[in-house]
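One structure is given here, and the rest of the page talks about it.
Note that the structure is a prediction, hence the values are computed from the model and not measured.
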Number of protein chains: 2
Amino acid sequence: MSGEGERTQSQTVKALLSLRELILSGALGAGERISELAMVDRLGVSRTPLRTALVKLEQEGLIEEIPSGGYAARAFEERDIFDSIEIRGTLEGLAARLAAERGASPMRLAGVKDCVSAIDEIIGRGAMSAEDFADYVPLNARFHAMLLDLAQSEPLRREVERATSLPFASPSGFVLAQASLPESQRILVIAQEHHRAVIDAIQNREGTRAESIMREHARLAHRNLQLALRSASLALVPGAALIRRAGG
Amino acid sequence: MSGEGERTQSQTVKALLSLRELILSGALGAGERISELAMVDRLGVSRTPLRTALVKLEQEGLIEEIPSGGYAARAFEERDIFDSIEIRGTLEGLAARLAAERGASPMRLAGVKDCVSAIDEIIGRGAMSAEDFADYVPLNARFHAMLLDLAQSEPLRREVERATSLPFASPSGFVLAQASLPESQRILVIAQEHHRAVIDAIQNREGTRAESIMREHARLAHRNLQLALRSASLALVPGAALIRRAGG
DNA sequence: TATAACGATGTTGTATACAGAAAGCCGCAT
DNA sequence: ATGCGGCTTTCTGTATACAACATCGTTATA
């Protein structure tokens with residue numbers, strides 16, 4: 001974990017990270033072609049690694065091929081986001097079911113429980129500040145990653161990682177938007193109940209229950225999506241610039 | 001094959017298709033590095049489109065990055081294939097549920113029914129020949145594609161297409177292996193019952209039922225996987241060379 | 001004999017040159 | 001004013017050159 005570890009990153013990775021950030025920030029108009037030469041100037045890499053990054057981002061779903069050549073940033077309807085969340089919930093449900101059916105070692109389960117306890121501590125602080133939310137997000141991500149590990153399925157891991165690469169489909173996508181909402185505390189309490197319940201289900205080998213819980217858990221994000229879309233906090237969710245509002 | 005009919009396809013597509021075929025045929029040993037220069041000679045394209053194809057195949061899951069650079073063909077355990085089939089079933093189940101909940105237009109439903117009828121005709125021929133199976137495979141693929149369309153969800157379409165890009169996870173992956181098995185006729189009859197039942201469920205807006213049916217439908221592939229792995233017909237399934245048998 | 005250092009060779013990652021095609025622009029005719 | 005045609009410019013897709021790096025065989029030494 002040395003600090004200079006980032007210095008030796010390849011040009012391709014550099015291009016990928018910068019480009020993704022650029023796209024998510026909305027700096028590139030959705031639908032219009034991303035000029036490679038312009039990006040070369042902007043990112044300081046040559047066209048070769050840049051094009052590699054473009055191919056990867058296309059597979060990721062963030063950009064799409066233009067029939068006449070090149071790529072353009074995609075725009076997402078509310079429904080696309082809804083469906084992406086539903087897909088994530090379904091796959092996480094599958095992960096939970098497999099974990100329950102195949103059995104999770106006590107050691108791994110203990111690790112997940114520790115994670116939940118750490119979240120408990122944050123929620124227990126009462127009225128949560130912005131920093132509290134900043135503490136929450138990585139822990140929440142960690143919980144979801146550990147749950148995925150419990151299924152011990154490499155194909156599923158790949159699929160979930162891909163499904164959550166769209167930022168608004170990820171478990172933490174709308175958490176930050178939540179922070180500014182009055183309902184936030186209540187939603188987190190419910191989410192935490194889900195976390196605890198799914199562990200219980202897995203421990204008891206209750207596959208169907210575990211699956212249902214994770215599905216319902218993802219549906220909290222649906223609600224957050226609705227709330228965020230109808231409030232000013234939308235700007236807090238990464239990639240918000242790519243969301244095409246129904247009104248126009 | 002050496003005809004000029006395909007002249008308009010790009011070098012990248014050419015490289016992608018040829019490489020995929022090479023990998024699936026097992027011509028490239030799993031785990032060992034795919035030499036770009038060797039592929040350049042073999043496929044007749046330059047390194048640039050070849051590398052683009054490699055990146056795409058890596059996202060597809062057919063090859064993996066080697067830490068020291070380059071890519072290698074992946075090997076798949078029986079469990080990986082099992083899980084991939086389970087993932088497909090889960091996602092197709094989601095598609096069926098969404099189609100049921102959101103409603104499918106009578107016109108689209110009629111198209112799916114036509115497809116089922118066409119399959120009926122094939123199965124009705126009695127003892128099926130190899131050509132009968134050759135007729136069956138594209139129709140079966142068409143059914144699954146149409147079902148996916150019924151959900152009218154672009155994110156889900158992308159995800160399913162990706163999940164089925166692994167040949168042994170695709171709906172038609174083990175059908176050809178099935179052909180040589182005595183149980184084949186019975187399995188097809190059951191599969192067809194599933195096809196009919198899921199349409200009925202969607203038509204009646206029975207989301208949960210539609211979902212369960214598609215999950216169970218994919219589990220037929222599990223059985224086929226077991227049978228194929230324990231018989232000589234394994235060679236018929238595309239990508240069989242990538243399957244690492246438990247024994248060895 | 002085993003091991004470590006070293007050099008030769010081949011490899012990938014990156015930059016760049018080039019050709020063909022798309023897109024925009026200007027002028028012209030209606 | 002508007003649509004069309006041809007031209008120019010710019011772009012992408014592809015090939016290739018080059019440098020840093022990994023790999024492997026060889027040799028010398030303990």
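Evaluation of the side-chain contact (heavy atoms from CB on, under 4.5 Å) rule for A:Gln11 yields A:Lys14, A:Val45, A:Pro49 as partners, not counting sequence neighbours.
In this model, the phosphate group of D:dT12 is not approached by any side-chain N or O of A:Ser68 to a distance below 4.0 Å at OP1 or OP2.
With contacts defined as side-chain heavy-atom distances shorter than 4.5 Å, the pair A:Arg108/A:Met146 does not qualify. In this structure, the side chains of A:Leu28 and A:Ile63 stay at 4.5 Å or more apart for every pair of heavy atoms.
Rounded to whole Å, atom C1' of C:dT12 lies 12 Å from atom CG of B:Leu50. Distance CG (A:Leu16) to P (C:dT14): 12 Å, rounded to an integer number of Å. If you measure from atom CE of A:Met39 to atom C1' of D:dC11, you get 14 Å, rounded to the nearest angstrom. For B:Leu54 and C:dT12, the CG to P distance is 9 Å, given to the nearest whole Å.
By the neighbour-count criterion of 12 heavy atoms within 6.0 Å, atom CD of A:Glu21 is sparsely surrounded, having that number or fewer from other residues, nucleotides or ligands.
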Checklist entry - For B:Lys56 and B:Glu60, what are the C-alpha separation, side-chain angles and deciding distance, and is it a salt bridge (Lys or Arg N to Asp or Glu O under 4.0 Å)? => result CA-CA 6 Å; B:Lys56 289 188 175 178; B:Glu60 214 170 275; over 6 Å; no
Which pairs, protein N/O on one side and nucleotides 14-19 of chain D N/O on the other, fall under 3.5 Å?
residue	atom	partner	partner atom	Å
D:dT14	OP1	B:Gln11	N	2.7
D:dT14	OP2	B:Thr12	OG1	2.7
D:dA15	OP1	B:Gln11	NE2	3.4
D:dA15	OP2	B:Ser46	N	3.0
D:dA15	OP2	B:Ser46	OG	2.5
D:dA15	O5'	B:Ser46	OG	3.3
D:dA15	N7	B:Thr48	OG1	2.6
D:dT16	O4	B:Thr48	OG1	3.2

Between protein and nucleic acid, restricted to nucleotides 9-11 of chain C and to nitrogen or oxygen atoms under 3.5 Å apart, what atom pairs and distances do you find?
none

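The residues A:Glu154 and B:Arg79 are annotated as not salt-bridged, no charged nitrogen and carboxylate oxygen being separated by less than 4.0 angstrom. No salt bridge links A:Arg215 with A:Glu86; every basic N to acidic carboxylate O contact stays at or beyond 4.0 Å. Between B:Arg88 and B:Glu92, at least one side-chain N (NZ, or NE/NH1/NH2) sits under 4.0 Å from a carboxylate O, which counts as a salt bridge.
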